[in-house]
Protein chains: 2
Amino acid sequence: MQNVLRVLEGRWKLIILFQLFGGQVRRFSDLERSIPGISQKMLIQQLRQLESDGVVGRIVHHQVPPKVEYHLTEWGQSLCPALDALLLWAENAPEEVRSSLILDVPSSET
Amino acid sequence: MQNVLRVLEGRWKLIILFQLFGGQVRRFSDLERSIPGISQKMLIQQLRQLESDGVVGRIVHHQVPPKVEYHLTEWGQSLCPALDALLLWAENAPEEVRSSLILDVPSSET
DNA sequence: CCGTATCCACTGTGATACTG
DNA sequence: CAGTATCACAGTGGATACGG
């Protein structure tokens, strides 16, 4: 049990999983763009861990330029109900938590 | 969203939450005993964070000996469906993940 | 019983630069 | 585009001892 929960540990794991929610197939650069604040290193690291834990699958298309796609495995898919419940829970969060103390305002140009 | 998910980050958060599942009211020492491997420091630290994030409530009974009880707040209760789904997911985990590489065999006595 | 304080090691995370 | 390598740092986590 503890063992299994550790699969989800890591700052970006759940966020990544949400991106793959519902059977989506996403490219590396796609994920990178969709998750503000994540670095390539963290993205690849967490993906690799999820992959080796059997939650995420990885498909390499041998092309130029390279193209790699990620998706939920079957077991990963079975996480979706939990993800869904989590989403619902997060939406009901009190304001103090939502805004937290974390203010990252990436001033997008001018 | 990211902000809200961070409430659940931390090695013992989910495990603690599972102990409080379904409206249980548990004492400090009770929790400590129920979670093998956790230290007092970690238990109190994670409890305090959960408390200040509004997930867990704390009730002090001014007695000798002291008695403090923890429980889920209303918002914490609304996490239960997710916890439930997570439990179901964990039970469907492939064997490789369940056994993982973590073998902690605390040789008891002798 | 329920914490707090301190010390210390480790590992998770992040910025940056580089490669196939 | 996708990924690796390195370095540096902060926070987490663990052991132990002490206090109300």
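Letters go in sequence order (proteins before strands), and every chain restarts at 1.
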Undergrad: How long is the line joining CD1 of Ile38(A) and P of dT13(C), in whole Å?
TA: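 The distance from CD1 of Ile38(A) to P of dT13(C) comes to 10 Å, rounded to the nearest Å.
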Undergrad: For Trp89(B) and Trp75(A), indicate whether the former's side chain and the latter's backbone hold a donor-acceptor pair under 3.5 Å.
TA: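 It does hold such a pair.
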Undergrad: Rounded to the nearest 0.5 Å, what separates atom CG in Leu47(B) from atom CD in Gln40(B)?
TA: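 CD of Gln40(B) is found 11.5 Å from CG of Leu47(B).
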Undergrad: Looking only at atom types and distance, does a side-chain atom of Gln46(B) sit under 3.5 Å from a main-chain N or O of Lys13(B), one as donor and one as acceptor?
TA: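 Judged by distance alone, yes, a pair lies under 3.5 Å.
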Undergrad: Would you indicate what Pro65(B) reaches in the nucleic acid, counting non-hydrogen atoms under 4.0 angstrom: base, sugar-phosphate, or nothing?
TA: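 Since only primed, P, OP1 and OP2 atoms lie under 4.0 Å of Pro65(B), the category is sugar-phosphate.
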Undergrad: Look at the side chain of Lys41(B) against the base of dG3(C) and say whether a donor-acceptor pair falls under 3.5 Å; ignore hydrogens and angles.
TA: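 No such pair is found, so the answer is no.
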Undergrad: Any chance CD of Gln24(B) has more than 12 other-residue heavy atoms, nucleotides or ligands included, within less than 6.0 Å?
TA: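 More than 12 heavy atoms, drawn from other residues, nucleotides or ligands, come within 6.0 Å of this atom.
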Undergrad: At what distance, to the nearest 0.5 angstrom, does CG of Leu17(B) lie from CZ of Phe21(B)?
TA: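 The CZ atom of Phe21(B) is 10.0 Å from CG of Leu17(B), to the nearest 0.5 Å.
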Undergrad: How many whole angstroms separate atom NZ of Lys67(B) from atom P of dG3(C)?
TA: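 Rounded to the whole Å, the gap is 13 Å.
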Undergrad: How many angstroms lie between CG in Leu79(B) and CG in Leu86(A), if you round to the nearest 0.5 Å?
TA: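 Leu79(B) CG to Leu86(A) CG: 6.5 Å, rounded to 0.5 Å.
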Undergrad: For dA2(D) and Arg33(A) - does any side-chain N or O of the residue sit under 4.0 Å from the phosphate oxygens OP1/OP2?
TA: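 Checking dA2(D) against Arg33(A), no side-chain N or O comes under 4.0 Å of OP1 or OP2.
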Undergrad: Specify the separation, in whole Å, of atom CG of Leu31(B) and atom C1' of dG3(C).
TA: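 It works out to 14 Å between those atoms.
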Undergrad: Taking Arg98(B)'s backbone N and O only, do any of them form a donor-acceptor pair with Asn3(A)'s side chain (distance below 3.5 Å, no angle check)?
TA: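 At least one qualifying donor-acceptor pair exists.
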Undergrad: Between Val60(A) and Pro66(B), name the one whose nearest nucleotide on DNA chain D is closer to the 5' end.
TA: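 It is Val60(A), whose closest nucleotide lies nearer the 5' terminus.
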Undergrad: Which of residues 42-51 of chain A have a heavy atom under 4.0 Å from DNA chain D?
TA: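 Output list: Ile44(A), Arg48(A).
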Undergrad: Tell me which residues in residues 10-30 of chain A put a heavy atom below 4.0 Å from DNA chain D, sorted by number, or none.
TA: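 Heavy-atom contacts with DNA chain D come from Arg27(A), Phe28(A), Ser29(A).
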Undergrad: Within this structure, what is the CD-to-C1' distance between Glu32(B) and dG13(D), rounded to whole angstrom?
TA: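 Distance check: Glu32(B) CD to dG13(D) C1' gives 15 Å.
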Undergrad: With distance as the sole test, does Thr73(A) use its side chain to make a donor-acceptor pair with the main-chain N or O of Gly54(A) at under 3.5 Å?
TA: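 Yes: the side chain of Thr73(A) pairs with the backbone of Gly54(A).
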Undergrad: Reckon Tyr70(B) has a side-chain N or O less than 4.0 Å from the OP1 or OP2 of dC2(C)?
TA: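 No, no such contact exists.
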Undergrad: Roughly how many Å is it from CZ in Arg58(B) to P in dC1(C), rounded to a whole number?
TA: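 Atom CZ in Arg58(B) sits about 17 Å away from atom P in dC1(C).
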Undergrad: Among dC7(C), dC2(C), dG3(D), which nucleotide sits nearest the side chain of Gln40(B)?
TA: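 Looking only at side-chain atoms, Gln40(B) lies closest to dC2(C).
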Undergrad: Distance-only, no hydrogens or angles: does the Arg26(A) side chain make a donor-acceptor pair with backbone N or O of Gln19(A) under 3.5 Å?
TA: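 Yes, Arg26(A) side chain to Gln19(A) backbone: donor-acceptor pair under 3.5 Å.
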